[in-house]
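Down below is the structure, laid out as structure tokens.
Each residue takes its place number in the sequence, starting with 1.
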Amino acid sequence: NGMTLVAPMLGRNMVFKDISLDVVLPRSFPKSSRQEDISLWQQRNEPVIIQSLDLTTSSNMHLTGSGMLGLDAKLQLAGMLNARIVGMDALLDELDAKGNAHQTKDSGIARQFLKMLSATDAETGETYFEITLRIQDGSFYFGPLRFATIPLFDWGGNKMPFPHRIKPE
């Protein structure tokens with residue numbers, strides 16, 4: 001029945017109608033959430049491989065992609081996803097309808113940026129763009145643009161902490 005993700009950078013929750021995820025876990029995946037087990041896995045440099053991610057939002061934005069997810073030397077999230085996104089205009093239209101003037105101005109800038117990146121699918125006629133999404137150094141990047149920070153794991157208790165939410169830049 002879908003899933004809701006808290007997305008403060010959008011000023012609203014993001015509702016996913018459909019999600020499909022196909023991953024390959026490394027052979028040496030950590031046996032526990034203890035820092036020493038996580039650290040051993042990170043040192044082997046064997047990330048989780050995202051063979052395919054396919055999701056559709058309630059506004060009919062559709063993302064497909066593949067990539068990897070692991071941890072950096074500081075045991076913080078690191079990864080990338082090569083993505084193809086269709087229907088970003090529908091998401092921006094929804095945000096404009098619910099947003100304030102500042103959000104509408106930001107949406108206009110985003111539309112211009114996306115227009116420069118967009119292409120048209122010869123088979124479907126749909127407008128799409130391809131981009132690399134990255135998690136690096138405690139931030140989430142949309143291509144070269146850093147648009148959110150990710151709470152860092154606090155390893156003080158020797159247990160794997162869970163990040164609570166993503167904060168907008």
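Contact check for Asn82 versus Glu130: no side-chain heavy atoms found under the 4.5 Å cut-off. Inter-residue side-chain proximity for Leu133 and Tyr141 is flagged as unmet; no heavy-atom pair is nearer than 4.5 Å. For the pair Met61/Thr56, no side-chain contact is recorded, criterion being any heavy-atom separation below 4.5 Å from C-beta on. With a 4.5 Å cut-off on side-chain heavy atoms, Ile49 and Val23 do not count as touching. Using a 4.5 Å heavy-atom cutoff, the side chains of Ile85 and Tyr128 are not in contact.
Checked by atom type, the side-chain pair His62/Asp18 shows no donor-acceptor distance below 3.5 Å. Between the side chains of Ser66 and Gln51, no donor N or O sits under 3.5 Å from an acceptor N or O. Between the side chains of Asp54 and Thr64, no donor-acceptor pair is found at a separation under 3.5 Å.
At least one donor-acceptor pair closer than 3.5 Å links the side chain of Gln76 to the backbone N or O of Phe153. Between the side chain of Ser39 and the backbone N or O of Gln35 there is no donor-acceptor pair closer than 3.5 Å.
Considering only residues two or more places apart in sequence or on other chains, Asp72 meets the salt bridge (charged side-chain N to carboxylate O under 4.0 Å, His left out) condition with none of them.
In plain terms, the two heavy atoms of Leu117 and Phe129 that are nearest each other are O-CB, 3.6 Å.
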